[in-house]
Amino acid sequence: MHNDKNNFMKRAHVFFILFWLFVTTAASAQPKDNLLCLWYDKPATNWNEALPIGNGKLAAMIFGGTFTDEIQLNEETIWAGGPGNNILPNVFEPIVEIRKLIFEGKYKEAQDLSNKTFPRAAPPGASYGMQYQTAGSLLINTNQKGEIKNYRRQLDIATSVATTTFEIDGVKFKREYIASIPGKVIVLRLTADKPRSINFDLGMKTPFRDYEKYTKNGQLYLTGLSSSSEGKKGKVRYQVRIVPKIEEGTVSAGDSLLKISNATSVTIYISIATNFVNYKNLSANPDERNTTTLKNVTGKSFDALKAAHTGAYKKYFDRVKLDLGTTSSVNKTIDVRLKEFATNYDPALVSLYFQFGRYLLISSSFPGSQPANLQGKWNHSLNPPWDSKYTVNINTEMNYWPAEVTALPEMHRPLFKMLEELSVTGSESASKMYRARGWNFHHNTDLWRITGPVDGGFYGMWPMGGAWLSQHIFQHYLYTGDKNFLKRYYDVLKGVAMFYVDVLQEEPTHKWLVVTPSMSPENTYMSDVGISAGTTMDNQLVFDVFFNVIRSAAVLRTDKKFSDTLQNLISRLPPMQVGQHGQLQEWLNDWDRKDDKHRHVSHLYGLYPAAQISPFTNPELFEAAKNSLVNRGDKSTGWSMGWKVNLWARLLDGDRAYKLISDQLSPASMEASGQNGGTYPNLFDAHPPFQIDGNFGCTSGIAEMLMQSHNGAIHLLPAIPVVWKSGSVKGLIARGGFVVDVKWNDGHVTYLKIKSALGGNCRLRLPNILASKTVLTQANGANKNPFYQVPEIKTPLISKKASLGGIKINEGMLFDFDTKAGSVYEFVQK
Ligand code: FUC
């Protein structure tokens, strides 16, 4: 009896523990699931509420409607026009004349001649770039009625699966959507918990005027040709093919609809193909391509495809984990969290936004695809803002800022391929426009790899596209140490350098070598005049172009003579200058206005993404850069705020960087356009309108707040805001191939793990002392690790009118330890 009672008590105790565990896990299941989940309690009514999925080549926006659902579709090579560059004939002489006018101080005349030579609207024979175009939308129309209960729509970025669930008349419906990476298709799965209760019409809509829509063998087709634009005939032939497979029930075909009746589950395979082979070849057969793709997937179940897709995705996504803390806000829908962000501390929204940037990069720039354009790959229009092209006076570069540091170097590859192609088409602009060797392009390109000026003489006369975009090649080398890669792309880098060797001009005042005509992107120093010589950004870019080739040639033991030439030219470039307001001068002359709020902060390229301005080696420039950024202000377009997060991180001011994140995470109005950026309910960045660069810029900015790897060392917690009291990040990549995990508390590193992929000296800049069995020695002199070579820049010129007060920063402590390739080193707070 006694024993029984005891047993009963024991069992009751165990039961209680189990019950308690059940209750607590059930309660915490929601928040944990929500950490990497964008979720909502209503369908999207606007495209900026719909949820993006993509596998690089294909992309879709999921509206998650109940009675009717829309899945807007993109295929990355559906662009207006066709092959061909956009170089205007006979522009060399005007360019020489423009240079002369600039050097004579006749700036207005120079701008006028530039505008006349390159008119605002594309002249015959020179397109200003083609439009990236939607493939149309898949429509699900259930013709159902009834009350909707328990609605939830979500995008799980931990697995890359979107899901909509809801109940009508006691039947639970579920729709799952993936853009399968290995399967190369978009797949939908519709299920219900009551047999034979799925009924809908499957149709398509498209904004194209000339297209064909039909059904054949139980499949739905949409075919057509991309648009003609600016005298370029639309030549991309596309075919969208949709194949439903049902479990029970029937499929019947109408002219341009498939009717699904009384099914228990339906899997819908969507394949889209075009005739595009590469930027000069359109000889593929879209029908054959779709047949092959579909043959590989239609025999596979949704669950098998989903498992394979998620596996392929997680291989990249899981490399980095970020924990900034969690609050009860994670139980709210994203639209509400965005509205509350300014007033309700929600660090998990920042970590979600960071990981969403990584999700978007994997989904829009998977190896083998085109690079991510202004909208990644998500575009519902035939004529999107700025054509959804590649704008390279900031935007395309920003798309790739997170690629290396957040451990997604493979996603960088599509950009390298585009650079290789531009080095071919860009030799035409170099030779015909400038009579120069090598290659260049201007501030835009498109699927056809155009390299001439776009949007006229004001915006377009900026011959620096190759100089900036090709930095990504050398940066990839600095992170990965991949010499074969560097060898393969060396000629691309050398071609850019060659172009500037040939076009640099001696300016009359100081005899410095400068690029002209050019501009500090999109900004003016006089009313409507931006054309100039030797802008600060150009000088910084040419410096990096030459320095990268010198370093690459040394690594590859080649081209000694060419390196010497470049070294000699570097010594003749202008130094950076501090102007009368204590600012980093944007132009060669001290023309900056203190109240200039322009969205571009081009002269701060030297601070970020480049590493020419350092608080440790040139504090005056560091202070001047800070003054420039303070004057520019915070609020601006989405990408501008994204850039400023990185810049404030480089200025080692975590609180100000966090303020910029807050500005970026403020709700954007759906219809607005202009200069007030923010974030849409689907977490897409608003320029406005939607532009993806701001997402990527903010993602890399958050990484820069946590860890930086220039200035000769890995700098840990360089810009942690006070509000991020404790947290952890795993898997960030530092230059020289170091994988970094850090935990912190109150601005101190409490735990550090470094995995060395390449070996070599590891120099740490630390906020506090660490203990380990690995001996840390105090660092002295330059870092021996070649990936940490610090550029030697010229002593800046400082205006007599500038009053600089000096800077106060926490320098931290520098330690060295030697690493072996493949080894792991752990440290704890002392
Ligand atoms: C640059 C910016 C604009 C816009 C456009 C696509 O020209 O100045 O703000 O982002 O690119």
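As the structure lists them, so they are numbered: ligands from 1, and atoms in each ligand from 1.
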Please evaluate residues Tyr608 and Ser700 with respect to the criterion side chain to side chain contact (heavy atoms under 4.5 Å, CB included), reporting the C-alpha separation (whole Å), side-chain torsions for both, the decisive distance (0.1 Å), and the verdict. CA-CA 11 Å; Tyr608 185 88; Ser700 82; 3.5 Å; yes
Between Phe690 and Trp378, is the ring-ring contact (aromatic ring centres under 6.0 Å, His included) condition met? List the steps. CA-CA 10 Å; Phe690 164 52; Trp378 296 276; 7.6 Å; no
Side chain to side chain donor-acceptor pair (under 3.5 Å) for Gln111 and Asn115? Distances and angles first, verdict last. CA-CA 6 Å; Gln111 187 69 69; Asn115 297 354; 3.0 Å; yes
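Proximity to Arg599 (heavy-atom distance under 4.0 Å) selects the following atoms of ligand 1: 2 (C), 3 (C), 8 (O), 9 (O). Close approach of ligand 1 to Asn395 is summarised as follows: ligand atoms under 4.0 Å from at least one heavy atom of the residue are 1 (C), 10 (O), 11 (O). Using a 4.0 Å cut-off to heavy atoms of Leu374, the atoms of ligand 1 that qualify are 6 (C). Against a heavy-atom cut-off of under 4.0 Å, Asn393 is close to the following atoms of ligand 1: 1 (C), 7 (O).
Counting heavy atoms closer than 4.0 Å to ligand 1, residue Thr637 contributes nothing at all. Neither the backbone nor the side chain of Tyr459 comes within 4.0 Å of ligand 1, counting heavy atoms alone.
Considering backbone and side-chain N/O atoms, Trp386 never comes within less than 3.5 Å of an N/O atom of ligand 1.
In this model, a donor atom of one side chain and an acceptor atom of the other lie less than 3.5 Å apart for Thr134 and Gln72.
Classification of Arg632 and Glu586 as a salt-bridged pair holds, one side-chain N sitting under 4.0 Å from a carboxylate O.
For atom 2 (C) of ligand 1, the nearest non-hydrogen atom of the protein is His600 NE2, 3.5 Å.
Proximity annotation for atom 9 (O) of ligand 1: of Glu522, Gln691, His687, His687 comes nearest, heavy atoms only.
Ring geometry for Phe499 versus Tyr434: interplanar angle over 60°, hence perpendicular rather than tilted (30 to 60°).
Taking the six-membered ring where the residue is Trp, the centroids of Trp587 and His603 are separated by 6.0 Å or more.
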